[in-house]
Colleague: 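Structure below; questions to follow.
In what follows, chains carry the letters A, B, and so on, assigned in the order in which the sequence lines appear, proteins first and then strands, with residues in each chain numbered from 1.
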There are 2 protein chains.
Amino acid sequence: MSILFSRQCEYAIQGVLYLALKPEGEMTSIKELTKRLDIPYHFLGKILQRLAGTGLLTSLKGPTGGFALGRKAKDITLFDVVNAIDGSDFTRNCVMGFPECSGKNPCSVHDTWGRMRDEIYDMLIRKNIAEMAKDMKKTEYRSARS
Amino acid sequence: MSILFSRQCEYAIQGVLYLALKPEGEMTSIKELTKRLDIPYHFLGKILQRLAGTGLLTSLKGPTGGFALGRKAKDITLFDVVNAIDGSDFTRNCVMGFPECSGKNPCSVHDTWGRMRDEIYDMLIRKNIAEMAKDMKKTEYRSARS
DNA sequence: TGGGTTTCGGACTGTGATGTCTTAAATATC
DNA sequence: GATATTTAAGACATCACAGTCCGAAACCCA
């Protein structure tokens, strides 16, 4: 069975959560992120770059440079991150790949899956980065990678 | 956003549903399937081969040969098909990729996602091919690809 | 001004999934 | 038995995603 998010997207979420644990406005380098999160250096760089391009993150070059959240953690939802990397096609396409599946012409699992899909979407929209980060803060970060 | 099933798996589901609409025991050739379902000929061949290998389908070579369901449609669940192609890893791994996410050490969306994952699993287990095919029979097949 | 540090951007490689092609094996019909 | 038809099986090609590498641009500090 295939999974919900691409690996890029998983990394993006982990990175954004890590940044949310930092004091507001403090810059964090890729070097620190890659060490703490165990994500390939250059790959993570590209992902953060992409997030910065959408305004979700800010970036600064040079020493003391790095990345930080582009707005307050509570104003960033899980959906914002996922949508920036993987898009939101899953909200539209039929789960079984029937090309003409729609509300007027539903397939056999259309309604059942539609309900689950809505629940997933709601979860992504409701979860904001601030409260997620707070949950993780309870224990030391690496062991809290859970 | 990435999707729930691989393309192979989507094709497998579509193929099995098509076979379920046929009289019991009647063989259907790849040629017919590929034409009606608009799936690449040889690729579909490999997928059906694989399903036959697990016993989900039976196959016969030669003229009048083809594929048919390996047991009664009502005894084949959606999970059987999905599991044969994509496996069932999704029931185990953390949706955000945190390597050490577990019940004892849950991430922020662990419980929420876990509940949804269970619902998806239940859907796959409960939906059998017979009733799904019956739903689709209501309209002409191609336009019922929905 | 110059050197070191960091992100930026593009090109490149590796890998797995998707899709194609060809030959062999099995079966039905004549 | 010969031939046509169909699946079986493996090699091959193509493509998207994952991951690497390098030079350039921006920035800080001495």
Colleague: Is there a donor-acceptor pair closer than 3.5 Å between any side-chain N or O of B:Q14 and the backbone N or O of A:M96?
Modeller: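 The answer is yes, because a donor-acceptor pair under 3.5 Å joins these two groups.
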Colleague: Within the side chain of B:E24, is there an N or O that forms a donor-acceptor pair under 3.5 Å with the backbone of B:K72?
Modeller: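 Checked: no pair found.
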Colleague: For B:T28 and A:P40, take the nucleotide of DNA chain D holding the closest heavy atom to each; which residue's nucleotide lies nearer the 5' end?
Modeller: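 The residue whose closest nucleotide sits nearer the 5' end is B:T28.
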Colleague: Would you say A:Q8 places a side-chain N or O within less than 4.0 Å of OP1 or OP2 belonging to D:dA18?
Modeller: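 Checking D:dA18 against A:Q8, a side-chain N or O does come within under 4.0 Å of OP1 or OP2.
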Colleague: Can you give the first and last nucleotides of DNA chain C, 5' to 3', that have an atom under 4.0 Å from a heavy atom of chain B?
Modeller: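 The contacted stretch runs from C:dT18 to C:dA28.
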Colleague: Rounding to an integer number of Å, can you tell me how far B:I30 CD1 sits from D:dT5 C1'?
Modeller: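 Atom-to-atom, B:I30 to D:dT5, this comes out as 12 Å.
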Colleague: Using a 4.0 Å heavy-atom cut-off, does A:G45 contact any base of the nucleic acid, only the sugar-phosphate backbone, or nothing at all?
Modeller: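 Touches nothing.
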Colleague: Extract from the structure each pairing of a protein N or O with an N or O of nucleotides 9-13 of chain D at less than 3.5 Å, listing the distance.
Modeller:
residue : atom : partner : partner atom : Å
D:dA9   : N7   : B:K46   : NZ           : 3.4
D:dG10  : N7   : B:K46   : NZ           : 3.1
D:dG10  : O6   : B:K46   : NZ           : 3.0

Colleague: Mind checking what makes side chain to side chain contact (heavy atoms under 4.5 Å, CB included) contact with B:K31, not counting sequence neighbours?
Modeller: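 So B:K31 forms a side chain to side chain contact (heavy atoms under 4.5 Å, CB included) with B:S29, B:Y41.
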Colleague: Using a cut-off of less than 4.0 Å, is there contact between a side-chain N or O of A:Y11 and OP1 or OP2 of D:dG19?
Modeller: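 Checking D:dG19 against A:Y11, a side-chain N or O does come within under 4.0 Å of OP1 or OP2.
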Colleague: Might you point out which heavy atoms bring A:V95 and B:E10 nearest each other, and give the distance in Å?
Modeller: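 Smallest heavy-atom distance, with atoms named: O-OE2, 4.0 Å.
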Colleague: It should be established whether B:Y41 places a side-chain nitrogen or oxygen under 4.0 Å from OP1 or OP2 of nucleotide D:dT7.
Modeller: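 So the side-chain polar atoms of B:Y41 do come within 4.0 Å of the phosphate oxygens OP1 or OP2 of D:dT7, strictly under.
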Colleague: Just list the side-chain donor-acceptor pairs under 3.5 Å for residues 57-65 of chain A, sequence neighbours left out, or say none.
Modeller:
none

Colleague: Between A:R117 (side chain) and A:N93 (backbone), is there a donor-acceptor pair under 3.5 Å?
Modeller: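 At least one qualifying donor-acceptor pair exists.
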Colleague: Could you tell me whether B:L48 contacts a base, only the sugar-phosphate backbone, or nothing, with contacts defined as non-hydrogen atoms closer than 4.0 Å?
Modeller: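 No contact.
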Colleague: Just the atom pairs and distances: protein N or O near nucleotides 23-30 of chain D's N or O, under 3.5 Å.
Modeller:
residue : atom : partner : partner atom : Å
D:dA26  : O4'  : A:K61   : NZ           : 3.4

Colleague: Test side chain to side chain contact (heavy atoms under 4.5 Å, CB included) on A:L33 and A:I39 and set out the steps.
Modeller: CA-CA 8 Å; A:L33 284 159; A:I39 299 172; over 6 Å; no
Colleague: For a quick test of reading the model, state the closest non-hydrogen atom pair linking B:L51 to B:A12 and the distance between them.
Modeller: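 Scanning both residues, the minimum pair turns out to be CD1-CB, 4.0 Å.
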Colleague: Donor-acceptor pair, distance only, cut-off 3.5 Å: does the side chain of B:D118 make one with the backbone of B:R115?
Modeller: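 A pair under 3.5 Å: no.
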Colleague: Please answer: with hydrophobic residues joined when any side-chain heavy atoms are less than 4.5 Å apart, are B:F43 and B:I30 in the same cluster?
Modeller: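 B:F43 and B:I30: one cluster.
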Colleague: Between P on D:dT6 and CG on B:L57, what's the gap in Å once rounded to a whole number?
Modeller: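 Rounding to the nearest Å, CG of B:L57 and P of D:dT6 are 18 Å apart.
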Colleague: May I have the distance from B:F43 (atom CZ) to D:dT14 (atom P), rounded to whole angstrom?
Modeller: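 B:F43 atom CZ is separated from D:dT14 atom P by 16 Å.
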Colleague: Please tabulate, for side-chain N and O atoms in residues 123-131 of chain A, each donor-acceptor pair with protein atoms closer than 3.5 Å (sequence neighbours left out).
Modeller:
residue : atom : partner : partner atom : Å
A:K127  : NZ   : B:S108  : O            : 3.3
A:N128  : OD1  : A:A130  : N            : 2.9
A:N128  : OD1  : A:E131  : N            : 3.1
A:N128  : ND2  : A:E131  : OE1          : 3.3

